[in-house]
Amino acid sequence: MFEQAALRLLEGAFICETSAPSLFRWLNAEDNRLEVDGYLRKIGRQLAETPNGHAFYASWQKIGTEERAEVKRVMVIAKQTIRPVVQFLTLCMDANRTDSAPVPGDRVDYGHLLVAVTENPHLQEKLREFVSFGKEFGVSDASPKGMLEKVIQQMEKAGYLVLFNKEQEAWRFTGKLDYYYQLVDFLMENESDIKPDEQADPEDEGQQTRRLF
Amino acid sequence: MSNTSPVSVLLAKLMRCSPTISAAYYDTRLHRSEENARDVEMLRHFRLLSPDIRDAYRLRGSFRQFLNTALSTERLYAIGANIGGYFERLSKLIDEHAYAFHDGRDTDCERYEAEIREAISDVADAIDDDLTVLEMQVSTKFAAVPTIAEKRRQNLYYQQRTQLLVDLLENFHFAGFGDQLAGNEELALSFRALLEDRLPVFRERLKTVLQQLNQYLFEFRKIEVRAKSLRRLSLHLMRNPDWHPKDWDESASPPEWLCLARPLQVTLHPDCRAPENESLLRDIALSIPSSPGIRVERRPAGGALIDEPAEPRVVLATSPLRKALLAFLRDASSSSTWLSARHWWLAHPVWMDTIREDVWLLKVLSEADKQGRERAWKAHVVSSQPEWFDGNLTIRDILVASREAPEYQHA
């Protein structure tokens, strides 16, 4: 278990209940965590846990000159993924008509999403907007089916979804989502451009509500 | 028990009208039609259907409860079993049994014993069913309702119900039923095996459920806040298509989410040169099972067991020209002087009776022209050119000597 956990962490994986249940449970034991952390510290890394304890990953022990390049790279990825991931999460919420944000372990049914998107022009519009987020979302087949397949494929590639039932075409959100919420919370607290709730334009909010239901 | 007991007769009849029961269960209401008229009458006769509004019928509560339990159907705000009522009944039955025993009414005693056994089972089954429903609700995080507010209200309801159950079990533990039943071995055993011994497990399961419900209540608050954050960010991104987060990587101490370590491409290979690995590698080698099955046994192809003559082998005879050439080269290789091919042709008429001199010379020349081969002899071509150049060369003789022989000296 130690070897598997250490290798997965070094390869940049997020170990969570959904993607690697046995490794995640093994890492939940404090002794095992200390053992892995001790090993990672020998090579300038450490074992980190997402804020709600949904996943483990390897982070830098300290940020020096050499690590700065990697920090920059992570920032670039964050900038690139912020729009598509937020869009996908809100799409899932709208499709399920729920006001709770998805959490790690929540199920994403391709069939259910497709029906919701096909029946709702607002969701179709939301799906079409993915094309403007980057060439990785570009599709030759511009039907809702083709676009949704592409979006799910990209979310899986980015590590936010994992396929758990191929026959039912069902995915689950991974623990990496918890890491993503950490990023969202940080931006909400520190980006002064983003208006707090009370300053949000009431007309826009109304439109949102009408579009949702 | 015979096959025609009232229970089997009833079940057989219910089996015949199963489509009607199923429709009433899933549609919650049933309208009388020509097709189901007979089924409706029969179900009403057995008091399994109750009249509903607008000439419709619905399944009776007790029957629906039975189906819910059997099918583990999730009901919103499921009321659960009346466990308190079961406890009260058990208590009364035990008291009545004691009075009957005291009065010496044996028949009544037997009847109460049977009822007490059933009541003990009822309590155990009711707790078990209730726990199953609670655990299912908790494991799905109240998936049947979509909004956080509904989930929270459901959570609070089940929290109260679980707490009530925990309290009931605590009180039951001190009720002293065990002592009252101690005089009757059969009842004491039923009580101990079905209820008393299972109580700690029931209590643990209930406490786990309660703990999870408390945790969820806390999580629901966070999910609600998170959903709002997500909506706000989504709205902001929609209004500002060119917006990007600031370059937080340039701050002196970057936030935690930026400190992801660089992924490594890790591949493993054994280091066979390291002496410390020797014993490990030896162990691995020894652990490899011998595999005699891998040996390939070459066997003749299958067929009829008839002794057939072997295929005739065609052996090509060496030509006389080739034989003569090999003999000449053998002589030349062993000779320390240069040997003339033409002289040899003349000197060996036995070899050469069928070979013309020009053919012989051409053969020797062809052999001398072959390059890149290790050979024990060397050749020298005696030739002359005509007075005017026409591209041809007149070969007069070919001299062959052993490799060690001195170079040919022109006369």
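Residue numbering restarts at 1 for every chain, and letters A, B, ... go by the order of the sequence lines.
With respect to chain B, the highest number of heavy-atom pairs below 4.5 Å among A/Lys79, A/Gln87, A/Arg73 belongs to A/Lys79. Among the candidates A/Glu129, A/Lys62, A/Gln182, A/Met75, the residue making the largest number of heavy-atom pairs closer than 4.5 Å to chain B is A/Met75.
Residue A/Met93 comes nearest to B/Leu230 through the heavy atom pair SD-CD2, 3.9 Å, listed as atom of the first residue, atom of the second, then distance. When all heavy atoms are compared, the tightest approach of B/Ser251 to A/Arg68 is O-NH1, 3.1 Å. Considering every non-hydrogen atom in both A/Ile82 and B/Leu237, the closest pair reads O-CD1, 4.3 Å. For the residue pair B/Asp242 and A/Arg83, the shortest heavy atom distance occurs at N-NH2, 3.9 Å. Among all heavy-atom pairs drawn from A/Glu70 and B/Pro263, the shortest one is OE2-CD, 3.9 Å. Here the shortest heavy-atom pairing between B/Pro245 and A/Glu191 reads CA-OE2, 3.2 Å.
At a 4.5 Å heavy-atom cutoff, the contact between A/Ala78 and chain B is made by side-chain atoms alone. For a residue to count as touching a neighbouring chain, one of its non-hydrogen atoms must lie under 4.5 Å from one of that chain's; by this rule A/Leu183 touches chain B with backbone and side chain alike. Looking at A/Phe133, there are no atoms closer than 4.5 Å to chain B (heavy atoms on both sides), in backbone or side chain. Contacts of A/Gln80 with chain B are absent, with no heavy-atom separation under 4.5 Å from either backbone or side chain.
In the displayed structure, B/Glu256 atom CD is contacted under 6.0 Å by at most 12 heavy atoms of other residues, nucleotides or ligands. By the neighbour-count criterion of 12 heavy atoms within 6.0 Å, atom CD of B/Glu278 is sparsely surrounded, having that number or fewer from other residues, nucleotides or ligands. The environment of CZ in B/Phe66 is sparse: at most 12 heavy-atom neighbours from other residues, nucleotides or ligands sit within 6.0 Å. The neighbour count for A/Glu30 CD, taken as heavy atoms of other residues, nucleotides or ligands under 6.0 Å away, does not exceed 12.
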Is there a side chain to side chain contact (heavy atoms under 4.5 Å, CB included) between B/Cys259 and A/Ile63 once you walk through the steps?
CA-CA 8 Å; B/Cys259 299; A/Ile63 304 296; 3.7 Å; yes

task: Kindly indicate, with the supporting measurements, whether the criterion side chain to side chain contact (heavy atoms under 4.5 Å, CB included) is fulfilled by B/Ser234 and A/Thr90.
output: CA-CA 8 Å; B/Ser234 171; A/Thr90 51; 3.8 Å; yes

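A/Asp185 and B/Arg226 are not joined by a salt bridge, as no carboxylate oxygen comes within less than 4.0 angstrom of a charged side-chain nitrogen. For A/Asp94 and B/Arg231, the salt-bridge test passes: some basic side-chain N is under 4.0 Å from an acidic carboxylate O.
Considering only heavy atoms from C-beta on, A/Val71 stays 4.5 Å or farther from B/Trp248 through its side chain. Counting only heavy atoms from C-beta outward, the side chains of A/Met188 and B/Leu233 approach each other to under 4.5 Å.
You'll find the ring centres of B/Trp257 and A/Phe186 inside the 6.0 Å limit.
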